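Worksheet: the structure to be examined is printed underneath.
In what follows, every chain begins at residue 1, and chains take the letters A, B, ... in the order their sequences are listed. In this text, all values refer to a predicted model and were calculated from it rather than measured experimentally.
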There are 2 protein chains.
Amino acid sequence: MPASKPTPRQRAHARTRDEILAAAHKELAARGADGLSLRAVAREVEMVSSAIYRYFPSKDDLLTALIIESYDAVGEATEQATGGRAAYGRRFVRGCDAFRDWGHAHPHEYALLYGSPVPGYRAPQETIVPAARTTVALLRVVEQAHLEGALGPRAPLPPASGPLRRQCHALSEALATDLPEDVLLRFAHAWSQIFGLVSLDLFGQTVGTFDPADALAAHSFRTAATQLGLRP
Amino acid sequence: MPASKPTPRQRAHARTRDEILAAAHKELAARGADGLSLRAVAREVEMVSSAIYRYFPSKDDLLTALIIESYDAVGEATEQATGGRAAYGRRFVRGCDAFRDWGHAHPHEYALLYGSPVPGYRAPQETIVPAARTTVALLRVVEQAHLEGALGPRAPLPPASGPLRRQCHALSEALATDLPEDVLLRFAHAWSQIFGLVSLDLFGQTVGTFDPADALAAHSFRTAATQLGLRP
DNA sequence: AGAAATGCAAGAGCAGTGCTCTCTTTTGTG
DNA sequence: CACAAAAGAGAGCACTGCTCTTGCATTTCT
């Protein structure tokens with residue numbers, strides 16, 4: 001039973017759902033994740049609060065829909081940025097920049113996705129795939145570089161423990177990639193660094209040190225690319 | 001006007017304040033930052049909710065007190081771990097482990113300190129110093145190693161832009177350290193990586209990849225230490 | 001075309017929240 | 001010991017998520 005025939009009723013339902021979602025996004029951007037009030041959303045779309053429950057069984061479900069949309073947005077942005085024909089190092093850095101820029105443009109969404117988990121909220125299965133898009137976009141750049149033999153010299157890495165090597169192996173299979181273990185590890189570290197920097201920046205942890213963090217971010221991303229063996 | 005003579009009344013006030021704070025900590029640990037309800041705290045200490053306001057003017061002030069306590073706790077833990085006479089690389093890694101362990105032991109506190117900023121809450125000035133303790137503890141290890149000339153070889157770094165060099169310079173003065181610019185930058189990257197990894201882990205961003213993240217964490221911290229030129 | 005089924009919005013209401021105000025009780029101190 | 005200051009109690013306001021019932025509109029079937 002695919003969308004063989006969207007009845008007028010279904011169309012109306014979907015349209016209202018989208019309206020609610022748009023209003024919720026607006027609220028989220030304006031007031032943040034826990035300032036997000038179902039009643040405020042209801043006011044925005046000129047409905048009574050209880051009517052929202054016809055479209056989203058609970059606030060968590062509304063939140064989930066928002067999270068998925070946001071993951072897709074940031075994933076899309078990063079994918080876009082990593083495309084093109086530039087050198088792999090450049091594409092990687094551009095992807096990082098896109099990630100950071102998106103965060104700056106949507107701080108509340110970023111906080112929702114990458115910040116403290118909302119208490120009582122358990123991320124459902126369907127968020128996992130969109131959540132991975134950003135990371136995978138960056139990883140694909142490294143993968144392409146590796147496949148073309150364009151990966152330059154890298155500093156030696158400490159030896160990996162048994163469990164860690166097993167996780168790398170499992171991850172390789174899950175991602176259907178044949179990146180060598182050490183590249184995978186380097187990528188994990190690079191992603192930690194990138195994510196850490198952007199989070200420190202957006203969560204206000206850089207005040208009094210590297211604030212604004214633009215210059216540090218540029219240097220950090222470039223360093224990460226270099227450590228991965230990506231050439232500019 | 002220092003605490004020249006704490007009157008019985010002041011003592012009682014301080015005692016009650018501490019009780020409230022302890023109860024709030026308990027609530028925070030149990031239910032998380034926005035599950036933290038003033039009324040629940042009041043119930044815990046067997047007071048009526050309005051009575052709390054004699055001790056904390058608002059929920060934000062209570063939160064601030066909690067934040068400072070928590071920053072001090074994690075800072076203390078990290079400082080402890082970086083002490084001793086072991087090699088600098090070991091001490092650094094131990095500090096990282098302590099940071100991560102504290103986060104695992106107090107996930108809600110970690111989220112409060114390092115996660116999404118609580119909406120509407122603006123961290124007051126007095127949180128800045130305790131907030132820096134953890135980072136400074138790790139930095140001091142690097143500093144000591146540098147002073148003793150024990151900093152080993154490091155991979156080359158991309159060139160730093162003008163603004164970045166200025167920030168490094170200002171930071172050096174603020175920290176009263178004479179670490180060279182490149183070491184400061186490497187430290188910033190290392191801290192980003194450490195922080196990023198712990199946050200990814202604690203915020204559930206590693207599911208399906210490196211989960212549990214213990215092995216990756218160990219490798220990450222070791223790598224960070226190596227990149228800083230710290231010898232095990 | 002008329003009747004039945006269905007989706008939908010509205011409204012009231014519950015239990016909870018932060019916070020303010022007033023009033024009474026306790027308690028340390030001149 | 002009397003009194004003023006501090007602490008606690010309680011009611012109340014505006015808000016929250018969520019549930020349930022009640023009419024109304026629209027679609028679908030006969």
Side-chain angles (χ1 to χ4, degrees), chain A residues 1 3-21 23-24 26-28 30-67 108 112 118-122, chain B residues 1 3-21 23-24 26-28 30-67 108 112 118-122:
Chain A
M1 47 242 42
S4 55
K5 220 187 222 171
T7 69
R9 198 157 243 172
Q10 287 173 318
R11 293 186 52 84
H13 188 96
R15 204 161 43 84
T16 312
R17 213 190 102 109
D18 286 350
E19 259 178 61
I20 294 171
L21 219 51
K26 205 167 145 187
E27 276 292 307
L28 172 62
R31 264 171 280 285
D34 45 62
L36 181 70
S37 132
L38 239 134
R39 292 173 116 110
V41 173
R43 278 192 293 273
E44 181 86 22
V45 293
E46 290 181 307
M47 275 201 223
V48 93
S49 72
S50 59
I52 304 283
Y53 289 85
R54 297 262 169 219
Y55 301 88
F56 297 93
S58 78
K59 198 190 171 184
D60 277 5
D61 294 86
L62 178 57
L63 220 52
T64 299
L66 252 70
I67 287 175
H108 287 123
L112 182 58
V118 179
Y121 173 79
R122 194 95 198 103
Chain B
M1 49 238 50
S4 55
K5 219 186 223 172
T7 69
R9 198 155 241 171
Q10 285 174 320
R11 293 184 52 84
H13 188 96
R15 205 161 42 85
T16 312
R17 214 191 102 107
D18 286 350
E19 260 178 60
I20 294 171
L21 219 49
K26 204 168 146 188
E27 277 292 306
L28 173 62
R31 262 171 281 287
D34 43 64
L36 180 70
S37 130
L38 238 135
R39 292 174 117 108
V41 174
R43 278 191 293 271
E44 182 85 21
V45 293
E46 290 182 307
M47 276 201 224
V48 95
S49 71
S50 59
I52 305 283
Y53 288 85
R54 298 259 177 228
Y55 300 88
F56 297 93
S58 79
K59 198 190 171 184
D60 278 5
D61 294 85
L62 179 57
L63 220 54
T64 300
L66 256 84
I67 287 176
H108 287 124
L112 182 58
V118 178
Y121 173 79
R122 194 97 197 103

First and last nucleotide of DNA chain C in contact with chain A, 5' to 3', at under 4.0 Å to a heavy atom: what are they?
dT6(C) to dG13(C)

Give the rounded distance in Å between these two atoms: CZ of R54(A) and C1' of dT19(D).
11 Å

Please report, rounded to the nearest Å, how far the C1' atom of dA7(D) is from the CD atom of Q10(B).
15 Å

What is the distance from CZ of R39(B) to P of dA14(D), rounded to the nearest Å?
15 Å

Evaluate the criterion side-chain contact (heavy atoms from CB on, under 4.5 Å) for residue pair L21(B) and L62(B); output intermediate values, then yes/no.
CA-CA 7 Å; L21(B) 219 49; L62(B) 179 57; 3.7 Å; yes

Looking at every strand, decide which applies to R43(B) at a 4.0 Å heavy-atom threshold: base, sugar-phosphate, or nothing.
sugar-phosphate

Distance in angstrom units between E46(B) CD and dG8(D) C1', rounded:
14 Å

How many Å lie between CZ on R15(B) and P on dA6(D), as a whole number?
18 Å

Please report the distance, rounded to the nearest Å, between CG in D60(A) and P in dG17(D).
11 Å

For the residue pair A42(B) and S49(B), what are the closest heavy atoms and their distance?
CB-CA, 3.6 Å

Separation of dT26(D) P from H13(A) NE2 (nearest whole Å):
17 Å

Between S37(B) and A51(A), who's closer to the 5' end of DNA chain C by nearest nucleotide?
A51(A)

Please step through side-chain contact (heavy atoms from CB on, under 4.5 Å) for the pair I20(A) and M47(A), ending with a clear verdict.
CA-CA 10 Å; I20(A) 294 171; M47(A) 275 201 223; 4.0 Å; yes

Is any side-chain heavy atom of L36(B) closer than 4.5 Å to a side-chain heavy atom of L63(B)?
yes

Within a strict 4.5 Å, meaning less than it, do heavy atoms of the I52(A) and R39(A) side chains meet?
no

Base, sugar-phosphate, or nothing: which does S49(B) touch, judged by heavy atoms less than 4.0 Å apart?
base

Applying a 4.0 Å non-hydrogen cut-off, can you work out what Y55(B) is touching in the nucleic acid: base, sugar-phosphate, or nothing?
sugar-phosphate

Have a look at L36(B) and say if it touches a base, only the backbone sugar-phosphate, or nothing, with a 4.0 Å heavy-atom cut-off.
sugar-phosphate

Between S58(B) and D61(B), a side-chain donor and acceptor under 3.5 Å
yes

Taking CD from E27(A) and C1' from dC15(D), how many angstroms apart are they, rounded to a whole number?
14 Å

Side-chain contact test, heavy atoms from C-beta onward, threshold under 4.5 Å: evaluate it for F56(B) versus L38(B) and give yes or no.
no

